[in-house]
Amino acid sequence: MIFRRKAAAEATSMPTAPVTGKEVELVSPEDGKRLAEAWKREPRELDIPNTLLSSQHITGVVTSTGAIAPFFISDAPKSRLKKAAYEGRIGSRAFIFEDSNSPVQIFDATTDAYLKVPRNSIVFVESDLDFRVPDFIALRFNLQIQHVHRGLLLGTGPLVDPGFWGKLCIPLHNLTDQDYEIPRDEGLIWVEFTKTTLSAGRTDPARAPSVTTDPKGEGHWDITVFLNKAASQYRSNKVPIRSSLPTMFAEANSAAAASAADAKSVAEATERLKTLNTIAFASAFIGLGSLGLASTVFLSNLSARNEDLAVKIRDQTEVVQKELEQHLGDVDLNQTAPVEIRTAFPALRKQLLTQRSEIDGMKLQIKQMQLEMKRQGLERGTAHAW
């Protein structure tokens with residue numbers, strides 16, 4: 001009973017960091033392994049509520065069980081320990097699938113100052129924390145909000161099961177059209193701790209951690225194992241885990257380029273057709289102008305010839321009419337002419353009237369001829385226009 005009270009006091013009392021603005025490492029990676037192995041051999045009761053843990057309970061669990069390591073505390077404003085979460089950063093390595101079905105390393109913490117997440121890509125990042133989660137604790141982690149605001153995404157609240165030992169493989173989705181750089185010493189995720197209903201002093205036999213040949217012993221410490229397993233399909237086919245956005249953009253750009261080329265060809269063909277239409281219209285206009293001019297000249301000449309003919313007929317008719325009138329006057333004045341002449345006068349007058357009627361008929365025929373010739377000239381001009 002005394003031992004339990006002491007453990008409970010240790011779990012609920014948070015060590016005080018010196019007011020220096022510097023971080024203090026409470027649990028190193030080596031300490032975490034030692035604490036976790038000791039806890040596994042001899043678990044004990046901790047006074048931890050069944051809920052989301054606050055900073056003091058997180059500290060008590062970590063310093064008692066080695067749940068995560070390394071574990072730092074600080075009095076600085078950017079302390080890794082928050083009121084209800086702990087900060088995780090970029091680990092030793094990060095990978096991406098390029099053209100092959102195997103992950104390619106793009107970050108090495110020993111040489112690189114920052115991780116570059118290419119635009120429209122998925123990068124798999126190893127966490128800097130070693131996880132040796134006791135059976136009564138469940139973890140969730142989320143991307144820090146500043147990265148979310150800048151266009152990076154992470155699956156919502158992935159669960160780290162109680163009893164998990166190993167490294168987290170964190171998939172980062174860069175949905176922006178710009179490369180994104182994360183400094184090595186900048187926070188990446190926030191980890192939350194939740195106490196389950198299982199008693200802290202007991203183990204859960206439901207699912208024990210798998211044993212590997214990794215030098216660190218029990219657990220999942222090589223994230224490439226996760227990646228190769230994820231890339232393997234159910235029928236032994238391997239596929240690269242890549243974002244579909246670059247392929248979509250490449251296809252869209254190719255389609256746009258093809259459309260632009262087609263549009264250019266159509267525009268050039270349309271321009272040539274417009275030029276041909278302009279030339280054809282000009283030629284037709286010139287042809288119609290020439291035909292109209294020819295028709296006008298023809299009708300003008302025809303009208304002039306008809307006028308000349310009408311003038312000549314009119315002049316001859318007037319001469320004949322004047323001679324006839326003069327002859328009739330002479331006959332009327334000669335009342336003293338012999339009876340034979342006076343007797344022949346009505347017949348002569350009748351003959352003259354007949355001639356006058358014939359002359360009027362000839363005038364009418366000439367006029368009809370003029371109209372007919374004009375109509376035929378118009379029809380001929382219209383036929384040429386067609």
Side-chain angles (χ1 to χ4, degrees), residues 3-48 53-76 78-82 84-93 109-110 126-139 141 160-168 170 184-185 187-195 200-201 203 208-209 211-212 214-223:
F3 178 80
R4 286 188 176 180
R5 287 198 189 100
K6 182 178 180 182
E10 291 175 352
T12 55
S13 62
M14 176 178 176
T16 303
V19 184
T20 61
K22 297 182 179 180
E23 291 186 325
V24 175
E25 186 180 56
L26 290 184
V27 180
S28 68
E30 293 76 15
D31 294 335
K33 181 179 180 181
R34 177 179 52 81
L35 289 170
E37 290 175 345
W39 182 269
K40 187 174 182 181
R41 289 192 303 268
E42 189 180 355
R44 58 188 185 274
E45 190 70 32
L46 296 177
D47 187 12
I48 302 295
L53 301 187
S54 63
S55 59
Q56 64 177 354
H57 289 108
I58 292 173
T59 303
V61 169
V62 171
T63 56
S64 299
T65 68
I68 59 173
F71 184 79
F72 293 85
I73 60 173
S74 172
D75 62 348
K78 294 189 66 175
S79 172
R80 301 193 197 194
L81 180 62
K82 292 180 65 176
Y86 187 78
E87 179 182 276
R89 298 181 176 180
I90 301 171
S92 300
R93 300 177 297 170
T110 60
E126 180 186 83
S127 68
D128 70 322
L129 300 175
D130 293 345
F131 289 84
R132 295 180 178 89
V133 186
D135 282 1
F136 65 94
I137 293 293
L139 306 181
F141 66 95
V160 181
D161 285 329
F164 173 79
W165 286 31
K167 287 282 190 181
L168 290 183
I170 304 169
R184 185 177 55 198
D185 57 354
L188 180 64
I189 59 174
W190 289 116
V191 182
E192 301 173 355
F193 291 68
T194 302
K195 167 68 171 65
T203 59
V211 178
T212 69
D214 192 279
K216 292 191 176 183
E218 189 177 81
H220 308 276
W221 302 100
D222 186 358
I223 68 170

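Note that the coordinates shown come from a computational prediction; the quantities given were computed from them, not determined experimentally.
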Assess whether a salt bridge exists between R93 and D222, defined as any Lys/Arg side-chain N lying under 4.0 Å from an Asp/Glu carboxylate O. yes
Identify the heavy atoms of L129 and G88 that sit nearest to each other, and give their distance. CD1-CA, 4.0 Å
L53 vs I137, test: side chain to side chain contact (heavy atoms under 4.5 Å, CB included). Steps then yes/no. CA-CA 10 Å; L53 301 187; I137 293 293; 4.0 Å; yes
To the nearest 0.5 Å, what is the distance between OG (S54) and CZ (F193)? 11.5 Å
Closest heavy-atom pair, S74 versus A76, reported as atoms and distance to 0.1 Å, is OG-N, 2.9 Å
Over 60° means perpendicular and under 30° means parallel, so tell me whether W39 and F136 are parallel, tilted or perpendicular. tilted
Find out whether V27 and L35 are in side-chain contact, i.e. whether some heavy atom of one side chain is under 4.5 Å from a heavy atom of the other. yes
Out of curiosity, D31 CG to D130 CG, how far, rounded to the nearest 0.5 Å? 11.5 Å
Can you measure from CZ (F71) to OH (Y86) and round to the nearest 0.5 angstrom? 5.5 Å
For the residue pair L168 and F141, establish whether any side-chain heavy-atom pair is separated by less than 4.5 Å. yes
Whether R44 and E42 form a salt bridge (side-chain N of Lys/Arg under 4.0 Å from carboxylate O of Asp/Glu) is what I want to check. no
Looking only at heavy atoms, what is the nearest atom pair of E192 and A85, with distance? CG-CB, 4.4 Å
K33 to W165 six-membered ring, cation-pi geometry met (6.0 Å, 45°): no
Distance-only, no hydrogens or angles: does the R132 side chain make a donor-acceptor pair with backbone N or O of G166 under 3.5 Å? no
On a heavy-atom basis, the closest approach of K22 and D75 is N-OD1, 4.0 Å
Separation between OG1 of T63 and CD1 of I58, rounded to the nearest 0.5 Å: 11.5 Å
Given side chains that start at C-beta, do those of I189 and I170 come closer than 4.5 Å, heavy atoms only? yes
Indicate yes or no: does R89 engage D185 in a salt bridge with an N to O separation below 4.0 Å. no
Side-chain heavy atoms of T194 within contact of L139, under 4.5 Å: no
T59 and L81, any side-chain heavy atoms less than 4.5 Å apart: yes
Heavy-atom closest pair (A200 atom, P43 atom, distance to 0.1 Å) is O-CB, 4.3 Å
Min side-chain heavy-atom separation P70-S28 under 4.5 Å: no
Go through the steps for E23 and R80 under the test salt bridge (Lys or Arg N to Asp or Glu O under 4.0 Å), then give the verdict. CA-CA 9 Å; E23 291 186 325; R80 301 193 197 194; 2.9 Å; yes
Distance from S127 atom OG to K167 atom NZ, nearest 0.5 Å? 5.0 Å
L46 and S64, any side-chain heavy atoms less than 4.5 Å apart: yes
E87 CD to I68 CD1 distance, which is reported to the nearest 0.5 Å: 11.0 Å
